[in-house]
Amino acid sequence: MSLSLLNFACGSRIHPDWINIDFSPIDKRVKKVNLLGTLPFTDKSFDVAYSSHFLEHLTPQKALQILKEIKRILKPNGIVRIVVPDLENLASTYLSTLSRLVDSTRQNFDGGGANKTFGQEFTGLEFEYDWLLIEMLDQMVRMQSGGEMGECFRKIATSQDITKADFIKERVGEDLLTPHIVDSSVATLKSKITLDKIANKILNLYLRVLYFLAPRSIRDEVFIRTSIGERHKWMYDRFSLDRLLRQAGFSDIQTMHYNHSQILNFNTYLLDINADGSVYKGISSLYMEARNI
């Protein structure tokens with residue numbers, strides 16, 4: 001017996017066995033749905049609901065609203081699987097890196113590293129420290145599209161720095177040294193003119209006019225020029241996400257590994273796992289599952 005599977009806020013990570021929905025589909029296999037409203041599905045119509053790196057883009061209040069909708073459309077004993085950036089992993093890794101960096105710097109200046117070149121010796125650790133700050137804060141505070149993270153990605157892709165690229169790939173799963181192949185069907189879909197695209201273009205032009213009418217000295221402090229859904233509005237750890245799921249009415253809440261799930265044959269769908277068995281979103285994600293009991 002086949003399961004009814006929902007992948008909400010799917011982005012480009014989709015599978016034909018799932019019903020894939022998103023605000024702004026970039027693939028013809030994705031259904032356009034306003035995820036902040038009532039979902040267009042009947043009560044108890046799905047066995048499984050899954051979402052990766054979506055809830056952090058919402059306030060906790062909106063996230064709770066969506067999880068309640070997911071509970072409504074799940075069958076009894078149905079499973080929801082949620083993936084978000086892991087605040088606990090970020091915070092603990094940041095504190096550990098900060099401690100090592102301070103200790104290394106102190107040893108160097110106190111004479112313990114008298115024969116070492118400061119700038120060369122600690123560049124790797126300093127980069128890790130800087131990246132962790134970017135990973136933790138940039139998508140919450142950036143005012144320009146891409147932010148500091150985008151600039152960091154660009155520099156590493158240009159320099160082909162393998163050490164830094166490997167560190168980022170381990171952290172968040174982003175492969176900066178492999179050219180991305182664009183699916184022709186997706187490219188064709190993106191090139192089509194739709195009423196939504198026309199409306200968005202008009203809105204963008206209007207906002208651009210307002211931007212240039214503002215005094216130059218305050219433009220970048222007043223106007224947020226990121227794309228919709230680019231910024232983060234909250235962060236979760238295993239306690240806060242567990243609490244949010246309980247508030248939505250879910251039970252039997254468990255923290256999972258990227259390659260472990262209660263969902264039948266989940267790894268075969270290649271949503272949280274790559275074809276080679278590696279983790280899709282890196283080591284800094286939190287995976288939780290709950291049941292509609």
Side-chain angles (χ1 to χ4, degrees), residues 1-58 60-86 173 229 236 238-275 277-281 285-293:
M1 178 174 139
S2 61
L3 298 175
S4 51
L5 310 165
L6 177 68
N7 181 4
F8 62 103
C10 61
S12 60
R13 198 73 170 183
I14 63 177
H15 191 281
D17 289 349
W18 293 63
I19 292 177
N20 305 282
I21 62 175
D22 208 332
F23 287 107
S24 302
I26 61 171
D27 189 291
K28 61 185 178 183
R29 295 163 292 183
V30 178
K31 180 179 180 180
K32 180 178 180 179
V33 171
N34 177 10
L35 301 175
L36 300 183
T38 301
L39 297 178
F41 306 110
T42 58
D43 294 359
K44 303 176 182 179
S45 53
F46 287 94
D47 296 290
V48 173
Y50 163 85
S51 187
S52 176
H53 286 248
F54 170 52
L55 292 191
E56 69 272 14
H57 294 276
L58 310 171
Q61 294 77 18
K62 280 293 184 183
L64 178 59
Q65 173 187 318
I66 288 174
L67 288 176
K68 286 181 176 179
E69 266 296 281
I70 294 301
K71 185 178 188 302
R72 176 185 69 79
I73 65 174
L74 277 179
K75 297 176 183 178
N77 207 40
I79 299 173
V80 60
R81 180 179 175 94
I82 300 294
V83 186
V84 291
D86 187 355
Y236 295 94
R238 53 193 164 124
F239 175 80
S240 58
L241 186 55
D242 180 295
R243 182 171 60 186
L244 188 70
L245 287 163
R246 291 189 190 280
Q247 289 173 341
F250 289 99
S251 306
D252 188 23
I253 302 168
Q254 299 182 45
T255 301
M256 297 290 183
H257 294 291
Y258 76 95
N259 58 355
H260 180 244
S261 174
Q262 302 170 90
I263 302 167
L264 186 64
N265 299 321
F266 181 72
N267 286 342
T268 64
Y269 301 117
L270 300 181
L271 294 175
D272 289 337
I273 191 171
N274 294 316
S278 62
V279 57
Y280 169 56
K281 275 291 186 179
S285 289
L286 173 65
Y287 305 83
M288 270 197 169
E289 292 183 3
R291 288 186 180 270
N292 183 22
I293 297 176

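Nothing here was measured: the structure is a model prediction, and the numbers come from that model.
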Atom of W18, atom of N7 and distance for their closest heavy-atom approach:
CE3-N, 3.7 Å

Assess the residue pair D242 and R246 against the criterion (salt bridge (Lys or Arg N to Asp or Glu O under 4.0 Å)); give the C-alpha distance rounded to whole Å, side-chain angles, the decisive distance to 0.1 Å, and a yes or no.
CA-CA 6 Å; D242 180 295; R246 291 189 190 280; 2.7 Å; yes

Does S51 reach the main-chain N or O of F8 with its side chain, forming a donor-acceptor pair under 3.5 Å?
yes

Check L245, I253, I79 against E289 for a side-chain contact (heavy atoms from CB on, under 4.5 Å) and give me the one that passes.
I79

For the student: nearest non-hydrogen atoms of Y236 and L286, plus distance:
O-CD2, 4.3 Å

Please check this pair: side chain of S251 against backbone of R291, looking for a donor-acceptor N/O pair closer than 3.5 Å.
no

Where H15 and N20 come nearest, the two heavy atoms and their spacing:
O-ND2, 3.0 Å

Would one find more than 12 heavy atoms of other residues, nucleotides or ligands at under 6.0 Å from atom CZ of R238?
no

Say whether N267 and N259, considering side chains only, have a donor N or O and an acceptor N or O under 3.5 Å apart.
no

Do side-chain atoms of R72 reach the backbone of L39 as a donor and acceptor pair under 3.5 angstrom?
yes

Output field: ring centroids F266/Y50 closer than 6.0 Å:
yes

Euclidean distance, E56 CD relative to D86 CG, rounded to 0.5 Å
11.5 Å

For L67 and A248 the tightest heavy-atom approach is CB-CB, 3.6 Å

Just how far is it from atom CE of M256 to atom OG of S285, taken to the nearest 0.5 Å?
15.5 Å

